[in-house]
2 protein chains.
Amino acid sequence: MTATATRTSPRKRAGNGAARPVDGDEIGLDALVGHAGYAVRRFQIWIFQDFIRTLGDVDIRPTQYSVLTVIGANPGLSQMAVAKRLGIERARLVHLLDSLEQRDLVKRVKSSTDRRSHALHLTPPGKTALAKFKRLAAEHERHVEERIGKQNRERLLRILADFT
Amino acid sequence: MTATATRTSPRKRAGNGAARPVDGDEIGLDALVGHAGYAVRRFQIWIFQDFIRTLGDVDIRPTQYSVLTVIGANPGLSQMAVAKRLGIERARLVHLLDSLEQRDLVKRVKSSTDRRSHALHLTPPGKTALAKFKRLAAEHERHVEERIGKQNRERLLRILADFT
DNA sequence: GCCAATTGTTGTCGTCAACAACAATCTTCC
DNA sequence: GGAAGATTGTTGTTGACGACAACAATTGGC
């Protein structure tokens, strides 16, 4: 964009009273500016893009990271437990784990006490990898600080604390 | 969830030292709690679900609402302009407008000054409908207030203001 | 007037949430 | 102890959505 020059319609749109020209950029959002959901959606898109870019070299997306982190902190969890905790559909978790298992980061161990379920564990390389992912994720978090300010980030975390 | 009662495994899992029981609910998130992106994602899911439910009767989703609002506030915009302003792919906007046009809420008017582009307008029923959508969206916004608090909602909007 | 850029459109691909159905297994209850 | 119901992991489908690529029509620069 940037300027967009005079654009097309030089006609000044006879005093319509109601509607304003709206040529270059300044396009009003009207009611949208008062909606938390809109701001949150835009912010979430930005934050995910930065996360994906910052962890691009290791090819780890936000959801994968959350799964690895939870398994790392709670070894032996079942797929149901992980899915519930993270708000992921258990059907979706199947594919996520397939991928992580193929990469030898996670392993499904058949539970002896409940033969329906799998106990999830990080593999040794998985543990090493997660440590690296955490360092990169911390770097991403610093980007967030730079974008919205250290204080605002903390405020945000406090406000949304009970959604985690 | 709610309580989940005593759950299953009453066995106390011998002092394993490293890994904690992790039976019922209390599953640690570890590094995740310090990540703004995780909190924002969960919040965004909640907020969209409430929006979709609150505007369920009129069958309007957040993205459709944002498109209608911007067109309503800036009649005559091109599809490119709307797409850019809302951060939507112009390819995606095509389908959104197809749907909204079929429902007679929006019309594409062939621009006389640039015959490549369409000028977007709300139809008369579209204007009436949007007024109703805005009332419902305001109701949704009250739900947000109830969930995170009036003050926190305002803080949030301020923090994320320049993402809109 | 010619070549590059823009606009709307169509199509493909991959991510993700929401369901539904199913086999294997566990739990409950009689 | 055994039938009935619930749970776990799995497979598949649907629809919203973002990212791209290609295309015809049209406009703009030069």
Side-chain angles (χ1 to χ4, degrees), chain A residues 1-10 41-42 44-49 51-53 56 59-67 76-84 86-99 101 106 108-120, chain B residues 1 4-11 41-42 44-53 55-56 59-67 76-84 86-101 106 108-120:
Chain A
M1 43 200 81
T2 65
T4 324
T6 27
R7 250 271 176 273
T8 49
S9 62
R41 166 176 168 262
R42 299 299 297 255
Q44 212 246 8
I45 289 173
W46 180 90
I47 217 169
F48 264 52
Q49 280 174 346
F51 187 101
I52 292 168
R53 190 158 37 77
D59 191 29
I60 286 290
R61 317 196 82 247
T63 312
Q64 297 176 313
Y65 177 75
S66 70
V67 171
L77 281 188
S78 71
Q79 299 186 191
M80 256 318 278
V82 171
K84 244 179 201 156
L86 291 177
I88 301 174
E89 292 255 340
R90 68 183 198 278
R92 165 123 191 77
L93 188 58
V94 172
H95 302 297
L96 285 169
L97 289 175
D98 285 350
S99 153
E101 206 169 24
V106 166
R108 289 186 247 226
V109 180
K110 277 185 289 188
S111 167
S112 50
T113 60
D114 185 342
R115 279 154 52 212
R116 291 171 303 179
S117 69
H118 296 156
L120 301 173
Chain B
M1 31 207 83
T4 322
T6 27
R7 252 272 174 264
T8 49
S9 62
R11 66 205 189 79
R41 167 177 167 261
R42 298 299 298 257
Q44 212 245 9
I45 290 173
W46 181 89
I47 217 170
F48 265 52
Q49 280 174 347
D50 185 85
F51 187 99
I52 292 168
R53 190 158 36 78
L55 280 86
D59 191 28
I60 287 291
R61 316 196 88 249
T63 311
Q64 297 175 313
Y65 177 75
S66 70
V67 171
L77 281 188
S78 71
Q79 299 187 189
M80 259 315 281
V82 171
K84 245 177 200 157
L86 291 177
I88 301 174
E89 292 256 339
R90 66 184 199 278
R92 165 120 193 78
L93 188 59
V94 172
H95 301 298
L96 284 169
L97 288 174
D98 285 349
S99 153
L100 294 174
E101 205 169 23
V106 166
R108 290 186 247 226
V109 180
K110 276 186 288 188
S111 166
S112 50
T113 60
D114 185 342
R115 280 156 48 214
R116 291 171 303 180
S117 69
H118 295 156
L120 301 174

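Here is the naming used below: chain letters follow the sequence lines, and residue numbers restart at 1 for every chain. Worth saying up front: this structure is predicted, and the values here are computed from it rather than measured.
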* To do: Check step by step if side chain to side chain contact (heavy atoms under 4.5 Å, CB included) holds for B/Val82 and B/Ile88.
  => CA-CA 8 Å; B/Val82 171; B/Ile88 301 174; 5.7 Å; no
* Structure fact -> note: A/Arg53, atom CZ; D/dA19, atom C1'; distance rounded to Å ~ 16 Å
* To do: Measure the distance from CD1 on B/Ile47 to P on C/dA17 and round it to the nearest whole Å.
  => 16 Å
* To do: Find the distance B/Leu96:CG to D/dG18:P and express it as a whole number of Å.
  => 9 Å
* **Closest listed nucleotide, where the reference is the side chain of B/Met80 and the choices are C/dT7, D/dG18, D/dG9** => C/dT7
* Which nucleotide in C/dG8, D/dT11, D/dC20 has an atom nearest any side-chain atom of B/Ser78 -> C/dG8
* To do: Take the protein atom NE2 of A/His95 and the nucleotide atom C1' of D/dG9, then report the distance between them rounded to whole Å.
  => 11 Å
* **Among C/dC19, D/dT8, C/dT9, the nucleotide that comes nearest once only the side chain of A/Arg116 is considered** => D/dT8
* **Proximity to the side chain of B/Val94 - top-ranked nucleotide from C/dT10, D/dT11, D/dT8** => C/dT10
* Minimum-distance nucleotide to A/Arg61 side chain [options: C/dC26, C/dC16, C/dC19] -> C/dC16
* Closest to the A/Arg92 side chain, choosing from D/dG9, C/dT10, C/dT15 -> C/dT15
* Structure fact -> Testing C/dA18, C/dG11, C/dC26 for proximity to the side chain of B/Gln49, the answer is C/dA18
* Taking for each residue the nucleotide of DNA chain D bearing the nearest heavy atom, is the 5' side occupied by B/Phe48 or by A/Leu97? -> A/Leu97
* Structure fact -> Between A/Ile60 and A/Phe51 the two heavy atoms that sit nearest each other are O-CE2, 3.8 Å
* Asked: Between A/Ser112 and B/Asp98, who's closer to the 5' end of DNA chain C by nearest nucleotide?
  -> B/Asp98
* Step by step, would you call A/Glu89 with A/Leu93 a side chain to side chain contact (heavy atoms under 4.5 Å, CB included)? -> CA-CA 6 Å; A/Glu89 292 255 340; A/Leu93 188 58; over 6 Å; no
* Structure fact -> B/Arg41 atom CZ is separated from D/dG18 atom P, nearest whole Å, by 16 Å
* Asked: Is the shortest side-chain N/O distance from A/Thr63 to OP1 or OP2 of C/dT15 below 4.0 Å?
  -> no
* Structure fact -> In whole angstroms, the gap separating P of D/dA21 from CZ of B/Arg90 amounts to 12 Å
* Test B/Arg61 against B/Phe48 for side chain to side chain contact (heavy atoms under 4.5 Å, CB included), laying out the working first. => CA-CA 8 Å; B/Arg61 316 196 88 249; B/Phe48 265 52; 6.0 Å; no
* Counting side-chain heavy atoms from CB outward, which of C/dG8, C/dT15, D/dG18 is closest to B/Glu89? -> D/dG18
* To do: Nearest whole angstrom, please: distance from the C1' of C/dT7 to the CG of B/Leu93.
  => 12 Å
* Determine the minimum heavy-atom distance between A/Ser117 and A/Ser78, stating which atoms define it. => CB-CB, 4.3 Å
* Asked: What about B/Arg115, does its side chain sit under 3.5 Å from the base of D/dT26 through a donor-acceptor pair?
  -> no
* Look at the side chain of B/Ile45 and decide which nucleotide, out of D/dG9, C/dA17, C/dT10, has an atom nearest to it. => C/dA17
* Nearest-Å distance, CD1 (B/Ile52) to P (C/dA18)? -> 8 Å
* Would you mind telling me which of B/Arg92, B/His118, B/Gln64, B/Arg108 makes a side-chain contact (heavy atoms from CB on, under 4.5 Å) with B/Leu97? => B/Arg108
